[in-house]
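Data block below; observations after.
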Amino acid sequence: QQQVKQSPQSLIVQKGGIPIINCAYENTAFDYFPWYQQFPGKGPALLIAIRPDVSEKKEGRFTISFNKSAKQFSLHIMDSQPGDSATYFCAASIMISSGSARQLTFGSGTQLTVLP
Amino acid sequence: EAQVTQNPRYLITVTGKKLTVTCSQNMNHEYMSWYRQDPGLGLRQIYYSMNVEVTDKGDVPEGYKVSRKEKRNFPLILESPSPNQTSLYFCASRLAGAREQYFGPGTRLTVT
């Protein structure tokens with residue numbers, strides 16, 4: 001079964017702190033690992049993504065760390081701000097059937113609150 | 001502006017009354033899909049479509065129908081809604097084979 005397990009379910013940090021959200025997957029055929037950010041009343045939006053041949057990817061204050069052997073990846077938010085308060089979803093993607101489509105499996109989400 | 005639109009955004013209905021949630025994208029994307037989002041469960045895929053007249057079941061298709069008669073539209077149909085279909089629904093689209101997926105703003109459905 002294609003599963004992506006995400007933790008913690010909720011996270012509260014002070015402004016400037018470094019929240020870390022963790023995800024683990026089972027299927028080694030996943031070949032793309034995006035993180036989505038969702039604000040209340042909005043759809044998820046792609047934040048940052050990584051491929052399994054890379055151990056780390058950084059975009060601005062957001063960093064993905066990827067551990068292929070452990071089948072785990074995590075999102076770090078440096079110098080977190082109240083505006084980062086949102087729900088974060090990890091996901092894993094795999095090419096399916098005929099090779100012309102991709103299936104995306106989501107984690108259960110982490111509600112992040114950054115206190116001012 | 002490139003976007004995915006959904007209508008309605010909020011809907012309250014009663015058990016058994018057929019309803020349709022529309023989804024439209026203006027990016028000429030081949031691939032479209034529907035998800036439901038429930039607390040603690042993340043987003044689960046209901047149905048997806050790889051192109052016009054090509055649809056397939058996702059992880060939780062029971063109680064839902066879809067159609068893809070035009071490339072830009074992918075409506076979600078609940079023939080006989082039940083309270084366990086109360087949820088937040090998202091439509092998404094992307095180019096075939098592309099990794100990035102674009103989500104609509106969501107439709108909050110309540111079935112009483």
Side-chain angles (χ1 to χ4, degrees), chain A residues 1-10 21-25 27 30-54 57 59 64 86-111, chain B residues 2-10 21 23-25 27 29-52 54-61 68 74 87-108:
Chain A
Q1 185 179 1
Q2 297 178 0
Q3 268 193 324
V4 178
K5 295 182 180 178
Q6 183 172 346
S7 63
Q9 189 172 354
S10 62
I21 304 170
N22 300 299
C23 287
Y25 63 97
N27 189 345
F30 286 133
D31 62 357
Y32 177 70
F33 300 87
W35 284 88
Y36 285 82
Q37 181 187 53
Q38 183 183 29
F39 292 106
K42 303 289 187 183
L46 180 65
L47 182 64
I48 185 174
I50 197 168
R51 293 197 320 223
D53 55 347
V54 176
K57 183 172 182 181
E59 286 185 5
I64 301 178
T87 300
Y88 293 82
F89 293 96
C90 64
S93 177
I94 185 173
M95 194 71 82
I96 57 172
S97 58
S98 61
S100 62
R102 287 192 155 270
Q103 194 83 344
L104 199 59
T105 301
F106 285 86
S108 55
T110 297
Q111 189 164 345
Chain B
Q3 60 182 351
V4 179
T5 57
Q6 295 178 226
N7 283 292
R9 294 290 313 278
Y10 303 91
V21 183
C23 173
S24 183
Q25 49 92 7
M27 297 170 278
H29 287 170
E30 294 87 3
Y31 184 93
M32 297 184 74
S33 60
W34 276 102
Y35 295 85
R36 60 178 289 173
Q37 182 179 355
D38 302 289
L41 297 177
L43 288 96
R44 294 178 293 167
Q45 192 177 54
I46 302 170
Y47 269 93
Y48 64 94
S49 168
M50 290 193 281
N51 215 322
V52 176
V54 181
T55 63
D56 207 346
K57 296 177 181 179
D59 298 319
V60 288
R68 187 91 182 273
F74 189 43
S87 186
L88 181 57
Y89 291 87
F90 288 100
C91 179
S93 75
R94 58 172 167 75
L95 288 169
R99 291 184 166 88
E100 183 168 355
Q101 188 159 231
Y102 297 87
F103 284 83
T107 295
R108 184 164 292 282

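Here is the naming used below: chain letters follow the sequence lines, and residue numbers restart at 1 for every chain.
Ring pair A:Y25/A:F33 is tilted by interplanar angle, where 30° to 60° counts as tilted.
For a residue to count as touching a neighbouring chain, one of its non-hydrogen atoms must lie under 4.5 Å from one of that chain's; by this rule A:Q38 touches chain B with the side chain only. Contacts of B:Q37 with chain A are made by side-chain atoms alone, with heavy-atom separations under 4.5 Å and no backbone atom involved. Heavy atoms closer than 4.5 Å to chain A are found in the side chain of B:R9, but not in its backbone. B:L41 touches chain A through its backbone: at least one of N, CA, C or O sits under 4.5 Å from a heavy atom, while the side chain does not.
Pairing each heavy atom of B:Y35 with each of B:I46, the nearest pair is C-CD1, 3.8 Å.
With a 4.5 Å cut-off on side-chain heavy atoms, A:Q9 and A:S108 do not count as touching.
In terms of heavy-atom pairs under 4.5 angstrom with chain B, the leader among A:A45, A:G43, A:P34 is A:G43. Annotation: maximal heavy-atom pairing with chain B below 4.5 Å, among A:P44, A:G109, A:A91, A:S93, occurs at A:P44.
Applying ring pair (Phe, Tyr, Trp, His ring centres under 6.0 Å) to B:H29 and the options B:Y102, B:F103, B:Y48, B:F74 leaves one that passes, B:Y102.
Under the 3.5 Å distance criterion, with hydrogens and angles disregarded, no donor-acceptor pair is assigned to the side chains of A:S7 and A:N22.
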